[in-house]
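Take a look at the structure set out below.
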Amino acid sequence: MPDADAGALLADRAAAAQPQMLAQVLAWSAINSGSQHLEGLARMAEVLAGAFGRLAPVERLRLAPQQIIGADGVLRERPLGQALRLRVRPEARWQVLLVGHYDTVYGAADAFQQPRWNADGTLNGPGVADLKGGLAVMLAALEAFESGPAALKAALGWTVLLNPDEEIGSPGSAPLLAAEAARHDVGLVFEPSALPDGTLAGARKGSGNFTVTLRGRAAHAGRNPQDGRNAIVAAADCVLGLAALAAPAQGISVNPAKIDGGGAVNVVPDLAVVRFNVRLAEPAQQAGLLAAVQQLCAAIHERHGCTAELAGGFTRPPKPLDARQRALHDFVAGTGAQLGLTLGTRDTGGVCDGNNLAAAGLANVDTLGVRGGAIHSPDEFLIVDSLAERARLATRLLVRLAAGELDRTLFARETRCC
Ligand SMILES: [Zn+2]
């Protein structure tokens, strides 16, 4: 059977899995898998291991705990869920990495726990778009591809990596993502489309999460306030200084997000913890921004007599739309065109595991999941027909890669430079 015919047949087969995909999304959305809900993550991992286990044995990988500074300024470790990995034909010429996270931003105590139908026929539910719908699409595409001709399959091996910590910046799975990036040629990440019309994300900004711990000196607010060093006042000064580091024209944003500290009103507070997020357009901006924050910490110490200790880092480097990314995007858009889909590209300030893979040298398209929207809100929705549409697209991509329709020289793991 010619590859073009196989491509059409297998894409149809993937699309025919629409009822299976919808049933999976309904079931998976109802399992709370907030990034910090270990019990829910374990349940979700169990269900996913069962579903993906039809394709290949599923490995469960323990992740190192996340390091966090508490509201009391003390560094603690927070355990994470397990990552799941499946590998098929690691000896094949093309090696494709398929990535999706199974955690959501909705914790166990969130009011948003169950899927329900909207009046317009879209499905509202936790994770239906971000990213459980994408997991159903990934599975249907792989099942269709694996049902194809042996000669086609022999040209393409794949690894699936499902992680439980993407929504908190992939602190535990980052080393795994980097290691897998090095052994693959192309990455497919099943985050929802950038816009409900199916637009793919182009360049992505980089992101870093930081904490400044301010330590002053406690004193009685009435008797000897002059002996105190007010950490709350220092924190307020620090926050204003951080906000002033934003440079929208250069694509730099700084978001002071949370302040912990203080206590009784008759005590000069000796502790405050400031948390903030930074987004950058270019990898080269990281060093300058970091130096500016360190300078600010020194100035705060000088002005307020409080120590200001910076922790954290840039967890997701910027993902510029370079030549390889462009070539891969063109290939995906061309594949979409064969299916009657117009797939535009739009740059975004949002970040995902696609940033990590790109930073580790792996070209990847990271919005191959479902069409939907309002993610990270109780209005999150899935456009249900996009399950079949995106499964068709992903299958067709796998078939075209296996058939050698993408020039491998740009992407090959053996030859590419970091
Ligand atoms: Zn996501």
Side-chain angles (χ1 to χ4, degrees), residues 21 24-25 28-29 31-37 40-41 44-45 48 63 66 80-81 83-84 97-107 110 112 115 123-139 160-174 176-177 180-181 187-196 198-207 209 277 279 315-319 346-359 362 364-383 386-387 390 394:
M21 289 186 276
Q24 285 168 337
V25 174
W28 297 350
S29 172
I31 300 173
N32 180 285
S33 57
S35 313
Q36 276 145 44
H37 184 207
L41 288 167
M44 191 66 215
L48 288 171
L63 305 184
Q66 183 186 16
L80 298 169
L84 304 179
L97 177 64
L98 298 95
V99 173
H101 63 86
Y102 69 89
D103 60 326
T104 70
V105 297
Y106 315 104
D110 200 289
F112 188 41
L123 183 66
N124 166 240
V128 290
D130 185 15
L131 177 155
K132 293 175 178 177
L135 297 179
V137 165
M138 185 200 291
L139 178 57
V160 164
L161 182 65
L162 308 179
N163 56 349
D165 59 343
E166 193 276 344
E167 295 292 6
I168 50 173
S170 306
S173 57
L176 264 181
L177 289 162
E180 293 301 334
L188 307 178
V189 183
F190 287 76
E191 291 287 347
S193 60
L195 293 174
T199 298
L200 305 169
R204 286 184 183 271
K205 285 192 176 180
S207 173
N209 294 320
N277 175 264
R279 303 273 160 143
T315 49
R316 300 205 196 276
K319 181 187 177 191
R346 179 170 124 141
D347 295 349
T348 171
V351 293
C352 74
D353 286 332
N355 290 67
N356 298 51
L357 299 179
L362 185 70
N364 65 90
V365 177
D366 57 27
T367 34
L368 284 172
V370 295
R371 290 192 287 117
I375 61 171
H376 297 195
S377 89
D379 297 326
E380 175 172 357
F381 68 92
L382 160 69
I383 298 169
S386 71
L387 290 167
R390 291 293 178 138

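Heads up: numbering here begins at 1 and tracks the sequence. Bear in mind the structure is a predicted one, so any value in this text is a computation, not a measurement. Start at 1 and go down the list; that is how both ligands and their atoms are numbered.
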**Vertex the Zn ion (ligand 1), rays to OD1 in D130 and NE2 in H101 - rounded to 10°** =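 Value, to the nearest 10 degrees: 100°.
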**Request:** Please assess L80 against I168 for the test side-chain contact (heavy atoms from CB on, under 4.5 Å), listing each intermediate value before the final yes or no.
**Result:** CA-CA 10 Å; L80 298 169; I168 50 173; 3.7 Å; yes
**Request:** Dump the intermediate steps for side chain to side chain donor-acceptor pair (under 3.5 Å) on N124 and D379, then the final yes or no.
**Result:** CA-CA 6 Å; N124 166 240; D379 297 326; 5.3 Å; no
**Request:** Taking only Lys NZ, Arg NE, NH1 and NH2, and the carboxylate oxygens of Asp or Glu, determine whether E191 and R204 approach each other closer than 4.0 Å.
**Result:**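 No, no charged N to carboxylate O under 4.0 Å.
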**K205 backbone acceptor or donor facing N355 side chain under 3.5 Å** =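 Checking the backbone N and O of K205 against the side chain of N355, a donor-acceptor pair under 3.5 Å is found.
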**Request:** Flag E167 as yes if one of its N/O/S atoms falls below 2.8 Å of the Zn ion (ligand 1), otherwise no.
**Result:** no
**Message:** Of all the N, O or S atoms in E191, which has the shortest distance to the Zn ion (ligand 1)?
**Reply:** OE1
